There are 2 protein chains.
Amino acid sequence: MITQAGAPGTATGAMESQDLKKAGLKATLPRLKILNILEKSRLRHMSAEDVYKALMETGEDVGLATVYRVLTQFESAGLVRRHHFEGGHSVFELDHGKHHDHILCIKCGRVDEFMDETIEERQRVIARKAGYDMTDHSLYIYGICTDCQKKEKGRGR
Amino acid sequence: MITQAGAPGTATGAMESQDLKKAGLKATLPRLKILNILEKSRLRHMSAEDVYKALMETGEDVGLATVYRVLTQFESAGLVRRHHFEGGHSVFELDHGKHHDHILCIKCGRVDEFMDETIEERQRVIARKAGYDMTDHSLYIYGICTDCQKKEKGRGR
DNA sequence: ATGGTAATGAGAAGGGTTCGCATTGTATTT
DNA sequence: AAATACAATGCGAACCCTTCTCATTACCAT
């Protein structure tokens, strides 16, 4: 199962005040705006900086520190998931409930998602064998995507 | 296949000048000292800071910048592998050739290693299906280790 | 030994993220 | 609806890890 990341999950209606309150967070303007950006953006995975820029572009006045704070709160509240990609920066994506892993292009940064039940199961087995009570896992496959492979051709590298 | 990380690979003799030269690196004192730390340390996975501290403790005079530089060179030379654990910092371990993934305890930081051919194969299949030319992958399982599970008992949370 | 060049140390700089605090906004009370 | 209590925000400073700069030092070949 491989899905192209990029198209936001617009099937469900937009989140609103109630959703925030349900999550135990006050429905403040910055939080609503950020939630909105995450839903509307064409990028499924956004860094704090991405969110901040998007906010600026729509003329909103929200500080970068707030973006970080809010994203962290959203994470704690289970609204978004944080991923640690290589290079030391995090990206966030709305948590639509269904777990998935990532495959990303080291050239252009493109991100695709996949989910493989065989791998999931093996992980559970491995954790159990090692005596661990598994809480989470992260799997990232790095490679060169189709487009970048084409661009590569004819270069000594 | 699950192996406990922590016991350094002392089976083979200590690396020396020749090993560095073989790797295309000048055999300088700092590089030898750092290689030595990596071999002798009780920790298999060390951050640059860990290495630096170990150096200080043995009275060696090596700058932190050099530690970073050398570790990066070692990585390029294939002597060590760099892992990006959560929280945005890297750890390094001597590359003994055999690929493996990690399972780590979120309580005490303990790290174990494992290798599962089924998972490896699935990853290759997934990358191919997604049109990627796979260059690398990282898999981390997070959980609570046996010891920490025992300590947890009898506490709410 | 001597020289040429790459490697080092020290500190400054960099990028991403968090902190501190006065100010503003939200939910709640009167 | 106005006031109140306190959490949330914005801003810049501070932080952490990592990389860079550059004068000095060390390695290797001659």
Side-chain angles (χ1 to χ4, degrees), chain A residues 15-37 45-56 58-77 79-92 109, chain B residues 15-37 45-56 58-77 79-92 109:
Chain A
M15 294 225 187
E16 296 172 34
S17 311
Q18 302 86 280
D19 301 272
L20 286 177
K21 290 184 186 154
K22 221 177 296 174
L25 295 170
K26 260 194 212 173
T28 66
L29 243 38
R31 299 215 256 242
L32 285 167
K33 288 174 193 165
I34 291 173
L35 204 43
N36 201 43
I37 293 286
H45 304 83
M46 304 186 80
S47 67
E49 193 72 35
D50 289 336
V51 173
Y52 180 67
K53 277 184 199 149
L55 247 11
M56 293 295 99
T58 59
E60 301 296 350
D61 181 40
V62 177
L64 181 56
T66 299
V67 172
Y68 275 103
R69 267 186 304 238
V70 169
L71 287 173
T72 302
Q73 292 157 353
F74 282 4
E75 186 191 14
S76 307
L79 289 174
V80 307
R81 294 199 130 244
R82 182 197 300 249
H83 300 287
H84 300 268
F85 288 170
E86 300 250 335
H89 43 300
S90 316
V91 296
F92 301 82
Chain B
M15 294 224 188
E16 294 172 36
S17 311
Q18 301 86 282
D19 301 273
L20 286 177
K21 289 184 187 155
K22 221 176 295 174
L25 294 170
K26 257 195 214 173
T28 66
L29 242 38
R31 299 215 257 243
L32 285 167
K33 288 174 192 165
I34 291 172
L35 203 44
N36 202 43
I37 293 286
H45 304 83
M46 304 186 80
S47 67
E49 193 72 35
D50 289 336
V51 174
Y52 180 68
K53 277 185 199 147
L55 247 12
M56 294 294 99
T58 59
E60 301 296 350
D61 182 40
V62 176
L64 181 55
T66 299
V67 173
Y68 275 102
R69 265 189 305 239
V70 170
L71 287 173
T72 302
Q73 292 158 352
F74 282 4
E75 186 191 12
S76 307
L79 289 174
V80 307
R81 295 200 128 245
R82 182 198 300 248
H83 299 287
H84 300 268
F85 287 172
E86 301 251 333
H89 42 300
S90 315
V91 296
F92 300 83

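Only a predicted model underlies this, so the values are computations on that prediction, with no experimental measurement involved. Quick note on labels: first sequence line is chain A, next is B, and so on, each numbered from 1.
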| field | Heavy atoms of other groups near A/R81 CZ, more than 12 under 6.0 Å | value |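 It does not: A/R81 CZ has 12 such atoms or fewer within range.
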
| task | State the OG-CG distance between A/S17 and A/L20, to the nearest 0.5 angstrom. | result |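 These two atoms lie 6.5 Å from each other.
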
| So which one's nearest nucleotide on DNA chain C is more toward 5', B/G63 or B/K26? |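 First, find each residue's nearest nucleotide; the 5'-ward one identifies B/K26.
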
| said: If you assign each of B/L25 and A/A48 to its closest nucleotide in DNA chain C, which residue comes earlier from the 5' end? | reply: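 The residue mapped nearer the 5' terminus is B/L25.
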
For atom [atom1] of [X] and atom [atom2] of [N], their distance in whole Å:
{"X": "A/M46", "N": "C/dG16", "atom1": "CE", "atom2": "P", "answer": "15 Å"}
{"X": "B/Y68", "N": "C/dG9", "atom1": "OH", "atom2": "P", "answer": "15 Å"}
{"X": "A/L55", "N": "D/dT9", "atom1": "CG", "atom2": "P", "answer": "12 Å"}
{"X": "A/K53", "N": "C/dG15", "atom1": "NZ", "atom2": "P", "answer": "12 Å"}
{"X": "B/L29", "N": "C/dT8", "atom1": "CG", "atom2": "P", "answer": "10 Å"}
{"X": "B/L32", "N": "C/dA7", "atom1": "CG", "atom2": "P", "answer": "14 Å"}
{"X": "B/L20", "N": "D/dA26", "atom1": "CG", "atom2": "C1'", "answer": "15 Å"}
{"X": "A/L71", "N": "D/dT9", "atom1": "CG", "atom2": "P", "answer": "11 Å"}

| said: If you assign A/P30 and B/K21 each to the DNA chain D nucleotide with the nearest heavy atom, which residue ends up on the more 5' nucleotide? | reply: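 The residue mapped nearer the 5' terminus is A/P30.
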
| request: Return yes if a side-chain donor-acceptor contact under 3.5 Å exists between B/R69 and B/T66, otherwise no. | output: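 Distance-only check passes for B/R69 and B/T66.
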
| Which residue pairs pass the salt bridge (charged side-chain N to carboxylate O under 4.0 Å, His left out) test when at least one of the two sits in residues 27-37 of chain B, sequence neighbours left out? |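 For residues 27-37 of chain B: B/K33-B/E60.
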
| task | Looking only at non-hydrogen atoms, find the nearest pair between A/V62 and A/Y52 and report the distance. | result |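 Smallest interatomic distance, heavy atoms only, reads O-CE1, 3.1 Å.
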
Measuring from the side chain of [X] (C-beta onward, heavy atoms only), which nucleotide among [options] has the closest atom?
{"X": "B/A65", "options": "D/dG10, C/dA27, C/dA10", "answer": "C/dA10"}
{"X": "A/V62", "options": "C/dA27, D/dC28, D/dG10", "answer": "D/dG10"}
{"X": "B/L64", "options": "D/dG10, C/dT17, D/dT18", "answer": "D/dT18"}

For [N] and [X] - does any side-chain N or O of the residue sit under 4.0 Å from the phosphate oxygens OP1/OP2?
{"X": "B/T28", "N": "C/dA7", "result": "no"}
{"X": "B/R69", "N": "D/dC20", "result": "no"}
{"X": "A/S90", "N": "C/dT17", "result": "yes"}

